[in-house]
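In what follows, a structure is listed as structure tokens, so that the remarks can point back to it.
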Amino acid sequence: MEDYGRERLRRHFQVKHLKGFGIEKDLLAIMACGAILYYLEATKHFRLSHITTLQKIEESRFLRLDRFTLRNLEILEPLTEDGVPLVQVLDKTLTPMGGRLLKRWVVFPLLDTAEIKKRQETVRGFILDKSVYTQVGDLLSGVGDLERLASKVSVARVNPREVLMIAASLRLIRPIMETLSASSSKELKDLALRLDALDAVAAEIEASIDPDSPAQIGRGSAVIRAGISPELDELRDIVGGGKEYLIKLRNRESERTGIPSLKVAFNNVFGYYIEVRNSYKDQVPEEWIRKQTLVNAERYITGELKEYEQKILGAEERISVLETELYSKLVQKIAGYISALQKDAQTLSEIDVLRAFAQDATEYKYCLPQVGDGTVIDIKGGRHPVIERLMPPGEIYIDNDVSLDPAGNQILVITGPNMAGKSALLRQTALITLMAQIGSYVPATEAHIGVVDRIFTRVGASDNISRGESTFMTEMTEAATILNNLTPRSLILIDELGRGTSTYDGISLAQAIVEYLHDHPRAHAKTLFATHYHELNELANYFPRVKNYNVTVKEEDGKVIFLRKLEPGGTRHSFGIHVAKMAGMPRKIVTRAEEILKILEERASEIHGGEVPQSIDKKARRNLKSKKNVAYAAPGIEPVQLSFFELEDPKLAKLKKELLDIDLNRLTPLEALNKLSSLQSAILSED
């Protein structure tokens with residue numbers, strides 16, 4: 001199969017070796033490409049001249065985004081019907097091919113800092129030179145979709161108007177080149193050097209195709225200009241002079257026969273005919289042949305009319321054949337420049353996207369991020385690029401600082417109330433990093449981005465009914481994907497993990513995952529871990545690279561004001577009941593929930609003797625730090641044995657009294673066994 005695939009590739013590209021294509025070592029790539037080319041040949045797609053290169057998507061060149069991350073960060077598609085994805089906010093492109101390239105760049109951010117900085121410098125060149133930015137934008141707005149038009153040329157499925165669009169687009173390339181060359185930016189000048197105006201192609205099209213040509217040959221006016229073919233011009237004269245000839249024929253026959261209302265016309269059934277009203281049919285010459293009788297008239301043909309008809313129809317048919325031949329030859333000539341057209345399309349797409357980045361940076365007040373090969377992510381005044389665009393008039397998005405360092409702030413455990421902005425903070429950190437690695441400016445006042453090779457997200461909660469997966473199963477699947485694929489340069493976002501199961505299960509899993517990320521033998525992946533499990537705040541006491549942060553709120557007169565600022569330290573309040581009230585929950589339910597919450601908090605306080613202990617004995621602390629032979633729920637908190645006698649059950653109350661009345665110091669082993677048997681019998685009899 002490998003040889004089969006390689007042979008298909010060699011035949012298509014007419015080369016002896018494929019090492020230059022970078023696929024000699026990749027058997028699967030060779031097989032896939034060969035199978036695709038075989039399919040195209042088997043389905044009679046022989047015109048494949050537009051397939052000029054094959055390129056693998058090398059994982060070592062691009063930041064990896066799995067399907068969960070693309071969905072959760074809403075990069076290409078929103079999660080809700082009225083949502084807005086990142087690409088829609090960034091898309092200020094002026095051409096269809098530029099819009100497609102932007103989507104490719106967003107899905108495949110770069111890892112090479114040199115390439116990233118080259119894009120950044122190009123964007124900076126547009127920002128600094130407003131005249132170039134404006135002129136290039138005006139010119140790009142008139143450029144057609146050269147990328148797709150080139151493909152249509154190669155398969156000979158391009159219509160005359162599309163060919164004219166190719167010429168019009170090519171005519172805009174030279175002024176774009178001149179505008180970019182006049183810039184002081186080296187990167188903009190380099191882009192100009194990559195373009196080829198293809199003046200000869202544009203001139204050939206303009207000289208051959210009539211500017212008023214129809215969408216299809218034979219559908220209306222002429223396609224080929226006059227002067228291209230003498231034979232075609234002569235035939236057109238014959239057809240064009242037909243109206244004048246018919247007028248002369250009508251006038252002559254009317255004078256000869258004395259029929260003033262005589263009419264010469266044409267239909268698809270009889271061709272050309274002479275129509276005479278019934279009041280004059282006695283004056284019709286004998287040589288006229290009657291073809292049709294109407295209510296008020298008769299229709300006739302003559303030998304002269306039939307001869308003229310054959311001449312006209314023959315000319316029209318020949319015109320159609322000649323135009324098709326000449327048009328096909330022109331398309332074949334253009335097809336010889338497919339490679340050059342594709343290169344122009346690629347370069348124009350890049351210019352379009354980079355100019356769009358400059359527009360984003362100017363309109364949205366983005367900053368130039370410092371991208372390097374380090375491992376630290378340090379963002380000052382970061383904002384969510386989508387949410388800030390959707391803020392109501394008069395409201396300002398609250399920015400935040402985030403610093404991640406595998407040697408120090410590796411894992412940030414972020415707590416805080418519902419609706420405070422934890423999820424937005426996680427997402428904006430990932431989106432700022434992604435935007436920096438596609439060469440864009442970013443929504444922040446300052447940003448230092450150490451290139452990350454993978455972004456993983458575990459946010460939100462939803463089921464997958466079609467695949468038989470519950471909400472919790474979906475959570476665990478996404479979490480497992482992260483933990484099985486993380487690297488030292490990964491950026492991980494985990495939001496509310498464990499909500500789909502019981503509280504103890506959820507806390508246990510969340511804590512175990514934080515420990516795993518901290519102590520992973522192969523990587524110290526940078527992690528933002530947002531949670532309502534406030535017990536996880538204790539982890540910072542035992543894991544040096546785990547840091548606690550919280551999104552602040554302010555309480556005034558029983559109301560909660562969301563400040564949305566990230567600050568060091570944990571919090572133990574979620575204000576879930578307050579959020580339920582904001583959502584319109586019936587007042588009776590809110591009041592009852594507050595009563596239940598107060599009871600539960602009092603019981604929790606009683607269990608811990610009035611407060612939650614913050615320390616344990618030295619031996620236990622050493623065991624917790626070594627994590628050997630110790631099972632614990634939250635570091636720094638002694639395991640608590642709940643007393644079943646506190647349960648409000650009369651049966652258990654009676655059992656409690658009997659047990660308390662036993663004098664254990666005077667009880668023999670046999671008496672103890674008998675007492676235990678009687679207590680068991682009493683419980684069973686009551687059941």
Side-chain angles (χ1 to χ4, degrees), residues 62-63 65 67 69-110 115-116 118-127 130 132-149 169 172 176 187-188 191 344-369 382-391 397 424 427-428 430-444 447 455:
F62 303 107
L63 185 157
L65 300 169
R67 61 188 178 93
T69 301
L70 287 171
R71 180 196 67 200
N72 292 332
L73 294 182
E74 299 183 278
I75 292 174
L76 296 178
E77 298 291 338
L79 289 173
T80 58
E81 185 176 343
D82 57 347
V84 176
L86 173 67
V87 71
Q88 184 175 327
V89 170
L90 297 181
D91 193 357
K92 299 294 189 298
T93 57
L94 300 169
T95 66
M97 51 192 178
R100 291 193 297 272
L101 181 64
L102 173 61
K103 289 181 179 179
R104 288 199 294 272
W105 279 10
V106 168
V107 174
F108 295 104
L110 299 171
E115 289 186 61
I116 295 171
K118 187 175 181 180
R119 289 183 185 177
Q120 289 181 339
E121 286 301 311
T122 307
V123 176
R124 187 167 176 268
F126 277 121
I127 293 174
K130 298 294 184 183
V132 172
Y133 165 84
T134 303
Q135 291 176 41
V136 169
D138 292 341
L139 292 167
L140 281 173
S141 61
V143 175
D145 196 343
L146 274 179
E147 188 176 43
R148 286 189 172 176
L149 291 175
S169 300
L172 293 172
I176 290 175
E187 285 72 24
L188 294 182
L191 284 173
D344 277 344
Q346 175 64 28
T347 304
L348 289 172
S349 300
E350 291 182 26
I351 294 170
D352 194 10
V353 174
L354 294 170
R355 187 206 147 280
F357 286 168
Q359 184 174 346
D360 292 332
T362 303
E363 291 184 6
Y364 303 154
K365 295 180 173 57
Y366 289 171
C367 78
L368 175 63
R383 315 186 302 275
H384 193 293
V386 178
I387 296 178
E388 73 166 346
R389 302 267 59 83
L390 304 178
M391 297 291 287
Y397 187 86
R427 288 173 170 86
Q428 76 185 39
L431 293 178
I432 288 172
T433 302
L434 182 148
M435 289 172 61
Q437 291 188 216
I438 64 174
S440 170
Y441 281 41
V442 299
I455 296 177

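All of these numbers come straight from a predicted model, not from anything done at the bench.
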For residues 75-84, pull every pair meeting side-chain hydrogen bond (donor to acceptor under 3.5 Å, both in side chains), keeping only residues two or more places apart or in separate chains.
T80-D82
Backbone N/O of [Y] and side chain of [X]: donor-acceptor pair under 3.5 Å:
X    : Y    : value
D352 : T95  : yes
Q120 : L368 : no
E74  : P85  : no

In Å, rounded to the nearest 0.5 Å, how long is the span from [atom1] of [X] to [atom2] of [Y]?
X    : Y    : atom1 : atom2 : result
R100 : T93  : CZ    : OG1   : 10.0 Å
Q359 : T134 : CD    : OG1   : 10.0 Å
Q428 : T433 : CD    : OG1   : 10.5 Å
Q88  : K103 : CD    : NZ    : 9.5 Å
S169 : L140 : OG    : CG    : 10.5 Å
D145 : S349 : CG    : OG    : 8.0 Å

Run R355 and L94 through side-chain contact (heavy atoms from CB on, under 4.5 Å) and show every step you take.
CA-CA 9 Å; R355 187 206 147 280; L94 300 169; 4.0 Å; yes
Quick one: closest heavy-atom pair of [X] and [Y], and the distance?
X    : Y    : answer
L188 : T122 : CD2-CG2, 3.7 Å
H384 : I387 : ND1-N, 3.2 Å
L90  : A356 : O-CB, 4.4 Å
L191 : T347 : O-CG2, 3.8 Å
Y364 : R383 : O-NH2, 3.0 Å
P109 : L65  : CD-CD1, 4.2 Å

Does the side chain of [Y] come within less than 4.5 Å of [X]'s, by heavy atoms?
X    : Y    : result
M435 : P443 : yes
L101 : Q346 : yes
F126 : I351 : yes
L348 : I176 : yes

Salt-bridge test for K118 and E115: reply yes if a basic N is under 4.0 Å from a carboxylate O, no otherwise.
no
Verify side-chain contact (heavy atoms from CB on, under 4.5 Å) between V143 and L139, making sure each step is shown before the conclusion.
CA-CA 7 Å; V143 175; L139 292 167; 5.9 Å; no
Parallel, tilted or perpendicular: ring planes of W105 versus F357, cut at 30 and 60 degrees
tilted
Output, in order, the C-alpha distance, side-chain angles, deciding distance and verdict of side-chain contact (heavy atoms from CB on, under 4.5 Å) for T362 and K130.
CA-CA 11 Å; T362 303; K130 298 294 184 183; 3.8 Å; yes
Show, in sequence, the C-alpha distance, side-chain angles and deciding distance for L434 and L86, and conclude whether the side-chain contact (heavy atoms from CB on, under 4.5 Å) test is met.
CA-CA 11 Å; L434 182 148; L86 173 67; 4.1 Å; yes
Hey, is CZ on R119 packed in by over 12 heavy atoms from elsewhere, all under 6.0 Å?
yes
Would you say R148 has more than 12 foreign heavy atoms packed within less than 6.0 Å of its CZ?
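Check fails, neighbour count at 12 or below.
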Are the aromatic ring centres of F108 and F62 under 6.0 angstrom apart?
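F108 vs F62: aromatic centres under 6.0 Å.
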